[in-house]
There are 2 protein chains.
Amino acid sequence: MFSKSTEYALRATIFIARNSSADTKVSIQSIAEGIGAPKPFIAKILQQLSNKQNQVISSTPGPSGGFFITKEKRSKPIYIVIEAMGDSTIIENCVLGLPNCSDAAPCSMHKVYKNIRKDLLSMFKDRTIDEIAKSKDRLIPTDFSCKE
Amino acid sequence: MFSKSTEYALRATIFIARNSSADTKVSIQSIAEGIGAPKPFIAKILQQLSNKQNQVISSTPGPSGGFFITKEKRSKPIYIVIEAMGDSTIIENCVLGLPNCSDAAPCSMHKVYKNIRKDLLSMFKDRTIDEIAKSKDRLIPTDFSCKE
DNA sequence: AATATTAAAGATAATTTTATCCTTAATTTT
DNA sequence: AAAATTAAGGATAAAATTATCTTTAATATT
(Lines give C-alpha, C1' and ligand atoms only; values in the text may rest on other atoms or scores of the structure.)
Protein backbone atom coordinates (compact mmCIF):
# COMPACT_ATOMS: atom_id res chain seq x y z
CA MET A 1 0.00 0.00 0.00
CA PHE A 2 2.65 2.52 1.00
CA SER A 3 6.13 3.07 -0.38
CA LYS A 4 8.96 1.09 1.18
CA SER A 5 10.17 4.30 2.82
CA THR A 6 6.85 4.84 4.55
CA GLU A 7 6.62 1.22 5.67
CA TYR A 8 10.05 1.54 7.26
CA ALA A 9 9.09 4.92 8.73
CA LEU A 10 6.01 3.48 10.41
CA ARG A 11 7.92 0.49 11.78
CA ALA A 12 10.78 2.69 12.98
CA THR A 13 8.46 5.13 14.74
CA ILE A 14 6.63 2.33 16.53
CA PHE A 15 9.97 0.74 17.45
CA ILE A 16 11.26 4.01 18.88
CA ALA A 17 8.03 4.54 20.81
CA ARG A 18 8.48 1.12 22.39
CA ASN A 19 12.20 1.30 23.10
CA SER A 20 12.97 4.89 24.01
CA SER A 21 12.24 7.17 26.93
CA ALA A 22 13.59 10.48 28.24
CA ASP A 23 16.88 8.86 29.26
CA THR A 24 17.04 5.86 26.93
CA LYS A 25 17.65 6.66 23.31
CA VAL A 26 17.95 4.14 20.51
CA SER A 27 20.69 4.10 17.89
CA ILE A 28 20.28 3.80 14.13
CA GLN A 29 21.96 0.44 14.45
CA SER A 30 19.42 -0.99 16.86
CA ILE A 31 16.51 0.49 14.94
CA ALA A 32 17.78 -1.07 11.71
CA GLU A 33 18.11 -4.43 13.44
CA GLY A 34 14.82 -4.05 15.30
CA ILE A 35 12.76 -3.55 12.17
CA GLY A 36 14.85 -5.46 9.64
CA ALA A 37 15.80 -2.53 7.42
CA PRO A 38 19.10 -1.63 5.72
CA LYS A 39 20.97 0.69 8.06
CA PRO A 40 21.98 3.45 5.59
CA PHE A 41 18.47 3.62 4.21
CA ILE A 42 16.71 3.79 7.55
CA ALA A 43 19.23 6.48 8.54
CA LYS A 44 17.91 8.68 5.73
CA ILE A 45 14.34 8.02 6.73
CA LEU A 46 15.02 8.86 10.38
CA GLN A 47 16.57 12.09 9.19
CA GLN A 48 13.42 12.93 7.31
CA LEU A 49 11.20 12.09 10.29
CA SER A 50 13.26 14.32 12.59
CA ASN A 51 13.97 17.32 10.37
CA LYS A 52 12.84 20.85 11.07
CA GLN A 53 9.51 20.62 9.25
CA ASN A 54 8.49 17.22 10.54
CA GLN A 55 9.87 16.50 14.02
CA VAL A 56 7.88 13.30 14.40
CA ILE A 57 10.88 11.88 16.24
CA SER A 58 13.80 13.62 17.96
CA SER A 59 17.51 12.89 18.13
CA THR A 60 20.72 13.85 19.88
CA PRO A 61 24.21 13.00 18.67
CA GLY A 62 27.12 11.88 20.78
CA PRO A 63 27.68 9.02 23.20
CA SER A 64 24.44 7.69 24.69
CA GLY A 65 22.70 9.74 22.03
CA GLY A 66 20.23 8.38 19.49
CA PHE A 67 16.57 8.69 18.64
CA PHE A 68 13.58 9.12 20.89
CA ILE A 69 10.04 10.37 20.74
CA THR A 70 8.53 13.01 22.99
CA LYS A 71 5.44 12.51 25.10
CA GLU A 72 3.70 15.14 22.99
CA LYS A 73 4.35 13.26 19.73
CA ARG A 74 3.44 9.90 21.20
CA SER A 75 -0.12 11.08 21.57
CA LYS A 76 -0.35 12.24 17.96
CA PRO A 77 -1.98 10.04 15.30
CA ILE A 78 0.31 7.75 13.29
CA TYR A 79 -0.95 9.76 10.35
CA ILE A 80 1.83 12.29 11.08
CA VAL A 81 4.36 9.66 10.03
CA ILE A 82 2.66 9.19 6.68
CA GLU A 83 2.42 12.94 6.22
CA ALA A 84 6.09 13.45 7.06
CA MET A 85 6.98 10.88 4.41
CA GLY A 86 4.84 12.66 1.83
CA ASP A 87 2.69 9.58 1.30
CA SER A 88 -0.67 10.85 2.53
CA THR A 89 -1.93 11.17 -1.04
CA ILE A 90 -1.98 7.37 -1.22
CA ILE A 91 -4.92 7.23 1.15
CA GLU A 92 -6.46 10.57 0.21
CA ASN A 93 -6.47 10.50 -3.57
CA CYS A 94 -8.92 9.09 -6.07
CA VAL A 95 -8.55 5.33 -6.85
CA LEU A 96 -8.52 6.10 -10.56
CA GLY A 97 -5.98 8.88 -10.15
CA LEU A 98 -8.28 11.72 -11.17
CA PRO A 99 -7.57 15.13 -9.68
CA ASN A 100 -10.60 16.97 -8.27
CA CYS A 101 -12.53 13.76 -7.69
CA SER A 102 -15.33 14.55 -5.26
CA ASP A 103 -19.00 13.97 -4.51
CA ALA A 104 -19.74 16.85 -6.87
CA ALA A 105 -17.53 15.54 -9.71
CA PRO A 106 -17.06 11.85 -8.92
CA CYS A 107 -14.94 9.35 -10.81
CA SER A 108 -16.43 6.03 -11.86
CA MET A 109 -15.39 4.37 -8.62
CA HIS A 110 -16.01 7.22 -6.23
CA LYS A 111 -19.21 5.86 -4.79
CA VAL A 112 -17.85 2.41 -4.02
CA TYR A 113 -14.56 3.70 -2.62
CA LYS A 114 -15.75 6.69 -0.62
CA ASN A 115 -16.50 4.87 2.61
CA ILE A 116 -13.44 2.68 2.46
CA ARG A 117 -11.24 5.75 2.17
CA LYS A 118 -13.04 7.24 5.15
CA ASP A 119 -12.23 4.11 7.16
CA LEU A 120 -8.61 4.14 5.98
CA LEU A 121 -8.21 7.77 6.98
CA SER A 122 -9.77 7.25 10.37
CA MET A 123 -7.55 4.24 10.96
CA PHE A 124 -4.50 6.48 10.65
CA LYS A 125 -5.96 9.65 12.11
CA ASP A 126 -7.77 8.20 15.12
CA ARG A 127 -5.00 5.91 16.40
CA THR A 128 -2.11 7.46 18.24
CA ILE A 129 1.49 6.32 17.97
CA ASP A 130 1.43 5.09 21.59
CA GLU A 131 -1.79 3.18 20.98
CA ILE A 132 -0.21 1.23 18.14
CA ALA A 133 3.09 0.84 20.01
CA LYS A 134 1.57 -0.83 23.05
CA SER A 135 0.32 -3.83 21.06
CA LYS A 136 3.79 -5.46 21.04
CA ASP A 137 3.02 -7.24 17.79
CA ARG A 138 5.66 -7.71 15.10
CA LEU A 139 7.72 -5.03 13.39
CA ILE A 140 10.23 -7.35 11.77
CA PRO A 141 9.98 -10.15 9.23
CA THR A 142 9.91 -13.53 10.93
CA ASP A 143 13.10 -15.49 10.48
CA PHE A 144 12.16 -18.77 8.87
CA SER A 145 15.78 -19.77 8.39
CA CYS A 146 15.91 -20.62 12.09
CA LYS A 147 12.64 -22.42 12.65
CA GLU A 148 12.84 -26.04 13.68
CA MET B 1 -3.17 4.02 -3.99
CA PHE B 2 -2.22 2.14 -7.14
CA SER B 3 0.59 2.76 -9.60
CA LYS B 4 -0.05 5.14 -12.45
CA SER B 5 -0.09 2.12 -14.79
CA THR B 6 -2.88 0.47 -12.82
CA GLU B 7 -4.90 3.68 -12.60
CA TYR B 8 -4.70 4.00 -16.39
CA ALA B 9 -5.51 0.30 -16.79
CA LEU B 10 -8.67 0.60 -14.70
CA ARG B 11 -9.80 3.73 -16.53
CA ALA B 12 -9.03 2.19 -19.93
CA THR B 13 -10.90 -1.01 -19.13
CA ILE B 14 -13.99 0.88 -17.99
CA PHE B 15 -13.76 3.12 -21.06
CA ILE B 16 -13.56 0.12 -23.37
CA ALA B 17 -16.49 -1.54 -21.60
CA ARG B 18 -18.55 1.59 -22.21
CA ASN B 19 -17.50 2.28 -25.77
CA SER B 20 -17.02 -1.08 -27.44
CA SER B 21 -19.27 -3.90 -28.56
CA ALA B 22 -18.99 -6.93 -30.86
CA ASP B 23 -18.84 -4.71 -33.95
CA THR B 24 -17.54 -1.44 -32.52
CA LYS B 25 -13.92 -1.46 -31.44
CA VAL B 26 -12.06 1.46 -29.93
CA SER B 27 -8.62 2.63 -31.05
CA ILE B 28 -5.64 3.41 -28.86
CA GLN B 29 -6.07 7.01 -29.94
CA SER B 30 -9.63 7.32 -28.68
CA ILE B 31 -8.82 5.45 -25.47
CA ALA B 32 -5.90 7.78 -24.78
CA GLU B 33 -8.13 10.79 -25.36
CA GLY B 34 -11.06 9.30 -23.47
CA ILE B 35 -9.12 8.78 -20.27
CA GLY B 36 -6.53 11.53 -20.57
CA ALA B 37 -3.45 9.34 -20.77
CA PRO B 38 -0.33 9.63 -22.96
CA LYS B 39 -0.92 7.51 -26.05
CA PRO B 40 2.37 5.55 -26.17
CA PHE B 41 2.10 4.71 -22.50
CA ILE B 42 -1.50 3.54 -22.61
CA ALA B 43 -0.55 1.48 -25.68
CA LYS B 44 1.88 -0.49 -23.54
CA ILE B 45 -0.69 -0.96 -20.83
CA LEU B 46 -3.33 -2.18 -23.30
CA GLN B 47 -0.77 -4.65 -24.56
CA GLN B 48 -0.29 -5.98 -21.07
CA LEU B 49 -4.04 -6.22 -20.46
CA SER B 50 -4.55 -8.17 -23.68
CA ASN B 51 -1.56 -10.49 -23.72
CA LYS B 52 -1.71 -14.25 -23.60
CA GLN B 53 -1.64 -14.62 -19.82
CA ASN B 54 -4.09 -11.85 -19.03
CA GLN B 55 -6.68 -11.37 -21.78
CA VAL B 56 -8.71 -8.90 -19.76
CA ILE B 57 -9.38 -7.07 -23.00
CA SER B 58 -9.15 -8.24 -26.62
CA SER B 59 -7.88 -6.61 -29.79
CA THR B 60 -7.76 -6.97 -33.54
CA PRO B 61 -5.40 -5.07 -35.83
CA GLY B 62 -6.27 -3.56 -39.18
CA PRO B 63 -8.86 -1.07 -40.36
CA SER B 64 -11.91 -0.92 -38.11
CA GLY B 65 -9.83 -2.88 -35.64
CA GLY B 66 -9.07 -1.83 -32.08
CA PHE B 67 -9.83 -2.94 -28.56
CA PHE B 68 -12.95 -4.48 -27.13
CA ILE B 69 -14.03 -6.56 -24.19
CA THR B 70 -15.93 -9.82 -24.37
CA LYS B 71 -19.21 -10.49 -22.61
CA GLU B 72 -17.45 -13.09 -20.53
CA LYS B 73 -14.84 -10.63 -19.24
CA ARG B 74 -17.40 -7.90 -18.63
CA SER B 75 -18.95 -9.99 -15.91
CA LYS B 76 -15.61 -10.58 -14.17
CA PRO B 77 -14.59 -8.49 -11.16
CA ILE B 78 -12.46 -5.39 -11.81
CA TYR B 79 -9.94 -7.17 -9.64
CA ILE B 80 -8.73 -8.99 -12.77
CA VAL B 81 -7.41 -5.65 -14.06
CA ILE B 82 -5.37 -5.10 -10.92
CA GLU B 83 -4.10 -8.67 -11.07
CA ALA B 84 -3.10 -8.32 -14.73
CA MET B 85 -1.11 -5.22 -13.84
CA GLY B 86 0.64 -7.07 -11.03
CA ASP B 87 -0.60 -4.60 -8.42
CA SER B 88 -2.79 -6.88 -6.34
CA THR B 89 -0.15 -6.95 -3.59
CA ILE B 90 -1.02 -3.32 -2.86
CA ILE B 91 -4.37 -4.33 -1.44
CA GLU B 92 -3.34 -7.75 -0.19
CA ASN B 93 -0.11 -7.10 1.64
CA CYS B 94 0.65 -6.01 5.18
CA VAL B 95 0.50 -2.22 5.82
CA LEU B 96 3.91 -2.36 7.44
CA GLY B 97 5.39 -4.38 4.60
CA LEU B 98 6.03 -7.54 6.61
CA PRO B 99 5.93 -10.84 4.75
CA ASN B 100 3.90 -13.60 6.41
CA CYS B 101 1.75 -11.15 8.32
CA SER B 102 -1.36 -13.02 9.45
CA ASP B 103 -3.74 -13.55 12.35
CA ALA B 104 -1.26 -16.11 13.66
CA ALA B 105 1.79 -13.83 13.32
CA PRO B 106 0.34 -10.33 13.14
CA CYS B 107 2.23 -7.08 12.60
CA SER B 108 1.64 -4.17 14.91
CA MET B 109 -1.16 -2.81 12.75
CA HIS B 110 -2.75 -6.07 11.67
CA LYS B 111 -5.72 -5.84 13.97
CA VAL B 112 -6.70 -2.31 12.99
CA TYR B 113 -6.14 -2.90 9.26
CA LYS B 114 -7.61 -6.36 8.86
CA ASN B 115 -11.20 -5.36 8.25
CA ILE B 116 -10.35 -2.43 6.03
CA ARG B 117 -8.34 -4.74 3.80
CA LYS B 118 -11.28 -7.10 3.69
CA ASP B 119 -13.51 -4.24 2.52
CA LEU B 120 -10.93 -3.13 -0.05
CA LEU B 121 -10.67 -6.64 -1.44
CA SER B 122 -14.41 -7.09 -1.62
CA MET B 123 -14.75 -3.73 -3.36
CA PHE B 124 -12.58 -5.02 -6.19
CA LYS B 125 -13.64 -8.65 -6.13
CA ASP B 126 -17.39 -8.22 -5.77
CA ARG B 127 -17.93 -5.54 -8.42
CA THR B 128 -17.87 -6.53 -12.05
CA ILE B 129 -16.40 -4.46 -14.85
CA ASP B 130 -19.86 -3.89 -16.33
CA GLU B 131 -21.23 -2.83 -12.97
CA ILE B 132 -18.61 -0.09 -12.67
CA ALA B 133 -18.89 0.84 -16.34
CA LYS B 134 -22.62 1.54 -16.21
CA SER B 135 -22.23 4.41 -13.72
CA LYS B 136 -21.13 6.86 -16.46
CA ASP B 137 -19.13 8.86 -13.94
CA ARG B 138 -15.82 10.44 -14.89
CA LEU B 139 -12.73 8.68 -16.27
CA ILE B 140 -10.86 11.80 -17.31
CA PRO B 141 -9.52 14.82 -15.44
CA THR B 142 -11.90 17.76 -15.67
CA ASP B 143 -10.62 20.47 -17.96
CA PHE B 144 -10.46 23.61 -15.90
CA SER B 145 -8.71 25.53 -18.67
CA CYS B 146 -12.06 25.79 -20.46
CA LYS B 147 -14.43 26.59 -17.64
CA GLU B 148 -16.19 29.93 -17.84
C1' DA C 1 41.02 19.93 26.09
C1' DA C 2 41.19 15.34 23.86
C1' DT C 3 38.82 11.35 22.53
C1' DA C 4 35.10 8.52 21.46
C1' DT C 5 30.45 8.08 19.96
C1' DT C 6 26.63 9.23 17.69
C1' DA C 7 23.57 11.51 14.07
C1' DA C 8 23.53 14.95 9.91
C1' DA C 9 24.45 15.95 5.37
C1' DG C 10 25.74 15.33 0.83
C1' DA C 11 27.31 12.60 -3.06
C1' DT C 12 26.62 8.56 -5.63
C1' DA C 13 24.73 4.27 -7.49
C1' DA C 14 21.23 0.77 -8.62
C1' DT C 15 16.64 -0.32 -9.59
C1' DT C 16 11.97 0.44 -10.83
C1' DT C 17 8.45 3.10 -12.87
C1' DT C 18 6.87 6.08 -16.31
C1' DA C 19 7.08 7.50 -20.87
C1' DT C 20 8.39 7.67 -25.86
C1' DC C 21 9.70 6.13 -30.40
C1' DC C 22 10.36 3.16 -34.32
C1' DT C 23 9.84 -1.01 -36.85
C1' DT C 24 7.05 -5.13 -37.69
C1' DA C 25 2.94 -7.88 -38.11
C1' DA C 26 -1.84 -8.54 -38.82
C1' DT C 27 -6.19 -7.39 -40.88
C1' DT C 28 -9.47 -5.03 -43.76
C1' DT C 29 -10.75 -2.50 -47.69
C1' DT C 30 -10.16 -1.40 -52.35
C1' DA D 1 -2.89 -8.46 -54.89
C1' DA D 2 -2.04 -3.70 -53.23
C1' DA D 3 -2.79 -0.20 -50.11
C1' DA D 4 -4.31 1.54 -45.91
C1' DT D 5 -5.07 1.06 -41.07
C1' DT D 6 -4.49 -0.69 -36.83
C1' DA D 7 -2.11 -3.07 -32.81
C1' DA D 8 2.37 -5.73 -31.30
C1' DG D 9 6.94 -5.71 -30.05
C1' DG D 10 11.37 -4.06 -28.98
C1' DA D 11 14.63 -0.44 -27.98
C1' DT D 12 15.44 3.66 -25.58
C1' DA D 13 15.07 7.52 -22.35
C1' DA D 14 13.63 10.21 -18.33
C1' DA D 15 12.25 10.40 -13.66
C1' DA D 16 11.44 8.63 -9.19
C1' DT D 17 12.47 5.40 -5.65
C1' DT D 18 15.49 2.62 -3.07
C1' DA D 19 19.94 1.97 -1.31
C1' DT D 20 24.84 2.93 -0.07
C1' DC D 21 28.94 5.40 1.24
C1' DT D 22 31.90 9.06 2.98
C1' DT D 23 32.70 13.18 5.32
C1' DT D 24 31.17 16.49 8.76
C1' DA D 25 29.08 18.16 12.97
C1' DA D 26 27.49 17.67 17.54
C1' DT D 27 27.69 15.83 22.17
C1' DA D 28 29.29 13.28 26.12
C1' DT D 29 32.89 11.20 28.65
C1' DT D 30 37.52 11.07 30.24
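Source: prediction; values computed, not measured. Letters go in sequence order (proteins before strands), and every chain restarts at 1.
- Note on Lys114(A) versus Asp103(A): salt bridge recorded, some NZ/NE/NH1/NH2 to OD/OE distance being below 4.0 Å.
- Residues forming a salt bridge (Lys or Arg N to Asp or Glu O under 4.0 Å) with Arg74(B) (at least two apart in sequence, or on another chain): Asp130(B).
- Atom CG in Leu46(A) sits roughly 14 Å away from atom C1' in dA9(C) (whole-Å rounding).
- Residue Leu49(B) contributes atom CG, which lies 14 Å from atom P of dA7(D) at whole-angstrom precision.
- Only at 4.0 angstrom or more do the heavy atoms of residues 80-94 of chain B sit from any atom of DNA chain C, so none qualifies.
- Applying the side chain to side chain donor-acceptor pair (under 3.5 Å) criterion to Ser21(B), with sequence neighbours excluded, gives Asp23(B), Thr24(B).
- Listed by first then second residue, pairs satisfying ring pair (Phe, Tyr, Trp, His ring centres under 6.0 Å) with a partner in residues 35-69 of chain B read Tyr8(B)-Phe41(B), not counting sequence neighbours.
- dT30(C): Watson-Crick or G-U partner is dA1(D), with both key distances under 3.5 Å.
- Dashed line: the shortest gap from a side-chain N or O of Ser59(A) to OP1 or OP2 of dA8(C) is under 4.0 Å.
- Asn51(A) places its CG atom 14 Å from the C1' atom of dA7(C), with the value rounded to the nearest Å.
- For Phe2(A), the ring-ring contact (aromatic ring centres under 6.0 Å, His included) test picks out Phe124(A), with sequence neighbours left out.
- Residues passing the side chain to side chain donor-acceptor pair (under 3.5 Å) test with Asn54(B), sequence neighbours excluded: Asn51(B).
- Here the C1' atom of nucleotide dA7(D) and the CZ atom of Phe68(B) are 12 Å apart, to the nearest Å.
- For Lys4(B), there are no side chain to side chain donor-acceptor pair (under 3.5 Å) partners two or more places apart in sequence or in a different chain.
- A 4.5 Å side-chain heavy-atom check between Ile132(B) and Met109(A) finds at least one atom pair inside the cut-off.
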Q.
Please encode protein proximity along nucleotides 10-20 of chain C as a string of B, S and -, counting only heavy-atom distances under 4.0 Å.
A. BB------SBB
Considering only nitrogen or oxygen atoms on both sides, find all protein atoms under 3.5 Å from nucleotides 3-6 of chain D and state each distance.
| unit_1 | atom_1 | unit_2 | atom_2 | d |
| --- | --- | --- | --- | --- |
| dT6(D) | O4' | Gly62(B) | O | 3.2 |
| dT6(D) | O2 | Gly62(B) | N | 3.3 |

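- Residues passing the side chain to side chain donor-acceptor pair (under 3.5 Å) test with Lys39(B), sequence neighbours excluded: Gln29(B).
- Residue pairs meeting the ring pair (Phe, Tyr, Trp, His ring centres under 6.0 Å) criterion with at least one partner in residues 80-100 of chain B, sequence neighbours excluded, do not occur; the list is empty.
- Whole-Å rounding puts the Gln48(A) CD to dT18(D) C1' distance at 13 Å.
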Run the side-chain donor-acceptor check on residues 78-99 of chain B: report pairs under 3.5 Å with partners two or more places apart or on a different chain.
| unit_1 | atom_1 | unit_2 | atom_2 | d |
| --- | --- | --- | --- | --- |
| Tyr79(B) | OH | Glu92(B) | OE2 | 2.2 |
| Asp87(B) | OD2 | Ser3(B) | N | 3.2 |
| Asp87(B) | OD2 | Ser3(B) | OG | 2.8 |
| Asp87(B) | OD2 | Thr6(B) | OG1 | 2.6 |

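- If you take NZ of Lys25(B) and P of dA26(C), they are 17 Å apart, rounded to a whole angstrom.
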